[in-house]
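Down below is the structure, laid out as structure tokens.
Below, chains carry the letters A, B, ... as their sequence lines are ordered, and counting in each starts from 1.
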Protein chains: 2
Amino acid sequence: MKEVLPQLNSTFSIDCVLFGFDEGELKVLLIERNEEPFKDWWALPGYLVNENESLDQSAARILHELTGIENVYMEQFYTFGDIGRHPQGRIISVAYYAMLRLGGDKALKPISNYAKQAHWINVKELPPLAFDHQKIFDQGLEKIKRRIKHQPIAFELLPEKFTLTQLQNVYEVILGKKLDKRNFRKKMLSFNVLKDLNEKQKGVSFRAATLYRFDKRKYGKLFGKEISF
Amino acid sequence: MKEVLPQLNSTFSIDCVLFGFDEGELKVLLIERNEEPFKDWWALPGYLVNENESLDQSAARILHELTGIENVYMEQFYTFGDIGRHPQGRIISVAYYAMLRLGGDKALKPISNYAKQAHWINVKELPPLAFDHQKIFDQGLEKIKRRIKHQPIAFELLPEKFTLTQLQNVYEVILGKKLDKRNFRKKMLSFNVLKDLNEKQKGVSFRAATLYRFDKRKYGKLFGKEISF
DNA sequence: TTACTTAGTGTAATATCTACACGGTATATT
DNA sequence: AATATACCGTGTAGATATTACACTAAGTAA
């Protein structure tokens, strides 16, 4: 049985593509929708923009309402505006992305009941997505690929303290190819944005690796320079 | 005397940042507005999107209506959505850019009378612009800077046949710095996307330079590879 | 004590980047 | 015809960056 959906005015929405990294896998944050259209489908966290908020503000609010996540710096990357992309009318969507540390601290508790639940899903095992969200996701993934190639920001996905092997792992998963260990280390350390903590991993079987931390001050100096992987 | 402006619904518009190159100067296409708000101000060609067209289609239509220019491939680069950016209500604007061959052939004849006239203006001598168009222009300029650094597309701004010196000139003007002649040629030719026409400039005082043409077939092979200036 | 697993390290060959200067050639001028 | 002018077109050496490649060290588990 078909439900009749209300017609929405010409308007615009935000969709967020949040990437996380866990257990060697790249994950994306999805919600399960609780409303028509696409009720019970998985989708990127997204909703309509209010009249009285900027796009950036709106993105932060929507992410919070649908997933409980706050204080994430997201960046706009593309606006999707094909006709027919939304069954209820002419709605264009401004897409944002961010890379994010996973961990128990960021609770996934939707506040609005527009979302039933929110989950981190392995990007290799995506369910069918609502609207044109597969396309939005694909472009978001392309975006972070380009970005980690040119800026040493992969540690945004890692815990504060991380090993070089973990960092290399992030690169390999996102770029989809193996990198040479010695060359990777040489290059990464040459950027001079990592601080050696003189500290070792704990609670790991076999030899523990040195922990590093991202050094914001040094990063400032690098910023804008061309680098590439 | 203040006019009362109609309130527009929440909706969206397109603004186009078109770059051209003429007489050694980088130019941008502006219109003189014929309607409130900002009547008689200079502005980027831009207007509201219709319900029945995609953003890309809309950009092409709007450019044509306001400037007479057709068949230009434009690419979206950012969406501007601060509150208060438009005095008549909540209007976000999707910005497009393109690089374009100038020349007598592309007539600048606005079709809609929303624009009084359209002109190519030296980017170094911009008049005050309507709305937040200065900001949109600035970001458009940043965009083409990044783009010509990574893709050998500067000849989009030049006539079909061009000399290496002209091409270098485009790079120098856009990047805002001098480049070494020998190194520039070495690098540009190494990309293997230029075809030597075995033909010389005509009608020029002093020694004539060799003409080159962009070779689309070869470009296909390069595409996607990382290059940089 | 041994087996296992991951950490951590150097070098040589190649490719790319940078800095740098002058003779060649068509045109204009006298 | 000779000369001045202004732009064209080219090479190299030194420095830097990239690539390919394999073993020993250290800690844990049995």
Query - Check: B:Tyr97 ring centre within less than 6.0 Å of B:Phe19 ring centre - result: no
Query raised in the report: Do other residues, nucleotides or ligands put more than 12 heavy atoms under 6.0 Å from A:Lys116 NZ?
Result: yes
What's touching nucleotides 28-30 of chain D from the protein side, N or O pairs under 3.5 Å?
| unit_1 | atom_1 | unit_2 | atom_2 | d |
| --- | --- | --- | --- | --- |
| D:dT28 | O4' | A:Phe206 | N | 3.3 |

Query raised in the report: How far apart are the C-alpha atoms of B:Tyr96 and B:Asp56, what are their side-chain angles, what is the distance that settles it, and do they pass the side-chain hydrogen bond (donor to acceptor under 3.5 Å, both in side chains) test?
Result: CA-CA 9 Å; B:Tyr96 279 74; B:Asp56 291 355; 2.5 Å; yes
**Report entry** Sub-4.0 Å heavy-atom contacts from residues 155-167 of chain B onto DNA chain C, ordered by number
**Finding:** none
Query raised in the report: Distance from B:Ile136 atom CD1 to B:Thr79 atom OG1, nearest 0.5 Å?
Result: 9.5 Å
Requested in this report: Measure the spacing between OG of B:Ser190 and CD1 of B:Ile227 and express it to the nearest 0.5 Å.
Outcome: 8.5 Å
**Report entry** Boundaries of the chain A footprint along DNA chain C (any atom under 4.0 Å from a heavy atom)
**Finding:** C:dC4 to C:dT11
Requested in this report: Could you tell me the separation between the CG atom of B:Leu55 and the CE atom of B:Met74, rounded to the nearest 0.5 Å?
Outcome: 11.5 Å
Report summary line: Under a 4.0 Å heavy-atom cutoff, the residues of residues 174-194 of chain A touching DNA chain D are A:Asp180, A:Arg182, A:Asn183, A:Lys186, A:Lys187
Requested in this report: For A:Arg185 and A:Thr165, run side-chain hydrogen bond (donor to acceptor under 3.5 Å, both in side chains): C-alpha distance rounded to whole Å, both residues' side-chain angles, the deciding distance at 0.1 Å, then the answer.
Outcome: CA-CA 9 Å; A:Arg185 285 162 182 243; A:Thr165 301; 3.1 Å; yes
Query raised in the report: Is A:Arg33 reaching over with its side chain to a backbone N or O of A:Trp41, donor-acceptor style, under 3.5 angstrom?
Result: no
Report task. Test ring-ring contact (aromatic ring centres under 6.0 Å, His included) on A:Tyr212 and A:Phe162 and set out the steps. Result -> CA-CA 5 Å; A:Tyr212 289 82; A:Phe162 52 86; 7.2 Å; no
Query raised in the report: Going from CG on A:Leu157 to CG on A:Asp22, what distance comes out if it is rounded to the nearest 0.5 angstrom?
Result: 11.0 Å
Query raised in the report: So B:Phe137 and B:Leu126, side chain to side chain contact (heavy atoms under 4.5 Å, CB included) or not? Walk me through it.
Result: CA-CA 10 Å; B:Phe137 166 79; B:Leu126 289 187; 3.5 Å; yes
Query raised in the report: Among pairs that include at least one residue of residues 126-143 of chain B, which meet side-chain hydrogen bond (donor to acceptor under 3.5 Å, both in side chains), considering only residues two or more places apart or in two chains?
Result: B:Asp15-B:His133, B:Asp82-B:Lys135, B:Arg85-B:Asp132, B:Gln134-B:Asp138
Query - Secondary-structure stems for DNA chain D, with pairs counted as Watson-Crick or G-U when both distances are under 3.5 Å and runs at least 3 long - result: C:1-30 with D:1-30
**Report entry** Distance (rounded to the nearest 0.5 Å) between B:Phe80 CZ and B:Phe131 CZ
**Finding:** 14.0 Å
**Report entry** Side-chain donor or acceptor of B:Glu172 paired with backbone N/O of B:Leu179 under 3.5 Å
**Finding:** yes
Query raised in the report: Which distance, rounded to the nearest 0.5 Å, do you find between the OG of B:Ser228 and the NZ of B:Lys187?
Result: 4.5 Å
